[in-house]
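Written below as structure tokens is the structure these notes are about.
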Amino acid sequence: GAGHVIELSKTLAVKDAAGESIGIERIDAEAAPPVFDALRELIGRGETDEYYERAYALLMARGMRFSLADISGYAWCEVDDHHDLEVAEKILVRGLIS
């Protein structure tokens, strides 16, 4: 919505999504305290088996705005496990990512 993230969820339907988080965020000095407060709140509620983005979703629901960066013109590869790393290495060897 207008260059801001309006919802963040692992269960968001692909048809309703306009992008994907690549797991790189920049938290400025102004946003850091509420983000850490939200993380502490989740821990206090026993929500310790969650992704850190859960704190962002909580803050968005409370009206905090998060900007986004369009990286669609850049090469990148997600690496979550050994299989992903093998795929990324093959892509790099082929020269598809410079």
Side-chain angles (χ1 to χ4, degrees):
H4 290 88
V5 180
I6 57 173
E7 187 175 356
L8 185 67
S9 171
K10 293 275 187 192
T11 61
L12 188 63
V14 173
K15 69 178 181 59
D16 296 328
E20 175 183 0
S21 173
I22 63 166
I24 299 173
E25 289 85 15
R26 181 182 71 101
I27 306 297
D28 62 25
E30 183 180 311
V35 168
F36 281 100
D37 287 345
L39 289 167
R40 281 189 282 276
E41 178 183 339
L42 293 170
I43 291 167
R45 295 193 314 209
E47 294 185 44
T48 56
D49 195 24
E50 291 280 350
Y51 293 99
Y52 61 89
E53 291 96 347
R54 173 77 175 97
Y56 303 154
L58 183 66
L59 292 169
M60 278 185 254
R62 294 177 180 165
M64 187 170 175
R65 293 174 60 143
F66 287 80
S67 298
L68 57 90
D70 182 357
I71 62 158
S72 57
Y74 299 95
W76 66 278
C77 185
E78 182 175 26
V79 178
D80 286 331
D81 55 32
H82 291 291
H83 176 263
D84 290 349
L85 180 59
E86 289 174 17
V87 171
E89 287 172 341
K90 288 176 185 175
I91 290 170
L92 288 168
V93 167
R94 282 191 243 137
L96 298 177
I97 296 178
S98 55

Next on the checklist: Within a 6.0 Å radius of atom CZ on Arg45, are there more than 12 heavy atoms belonging to other residues, nucleotides or ligands?
Outcome noted: yes
Next on the checklist: Quick one, Leu68 with His4, criterion side chain to side chain contact (heavy atoms under 4.5 Å, CB included). Give me CA distance, side-chain angles, the key distance, then yes/no.
Outcome noted: CA-CA 6 Å; Leu68 57 90; His4 290 88; 5.8 Å; no
Which side-chain N or O atoms in residues 27-38 pair as donor and acceptor under 3.5 Å with protein atoms at least two apart or in another chain?
residue	atom	partner	partner atom	Å
Asp28	OD1	Glu30	N	3.2
Asp28	OD1	Ala31	N	2.8
Asp37	OD1	Arg40	NH2	2.9

Item to check | Under 4.5 Å side-chain linkage, directly or through intermediates, the cluster mates of Leu12 | outcome: none
Checklist entry - Around atom OH of Tyr51, are there more than 12 heavy atoms of other residues, nucleotides or ligands at under 6.0 Å? => result no
Checklist entry - What distance do Leu85 atom CG and Asp80 atom CG have between them, rounded to the nearest 0.5 Å? => result 11.0 Å
Item to check | Point-to-point distance, once rounded to the nearest 0.5 Å, from CG of Leu39 to CD of Glu47 | outcome: 11.0 Å
Checklist entry - In terms of hydrophobic clustering (I, L, V, M, F, W, Y; side-chain heavy atoms under 4.5 Å; direct or indirect links), are Val5 and Leu59 co-clustered? => result yes
Checklist outcome for this item: Between the CD atom in Glu25 and the CZ atom in Phe66, the distance rounded to the nearest 0.5 Å is 9.0 Å
Checklist entry - If Ile, Leu, Val, Met, Phe, Trp and Tyr residues are connected whenever their side-chain heavy atoms lie under 4.5 Å apart, and connections chain through other members, are Met64 and Met60 in the same group? => result yes
Next on the checklist: If I take atom CZ from residue Arg54 and atom CG from residue Leu42, how far apart are they, to the nearest 0.5 angstrom?
Outcome noted: 5.5 Å
Checklist entry - In the hydrophobic clustering (ILVMFWY, side-chain contacts below 4.5 Å, transitive), which residues join Ile43, or is it alone? => result none
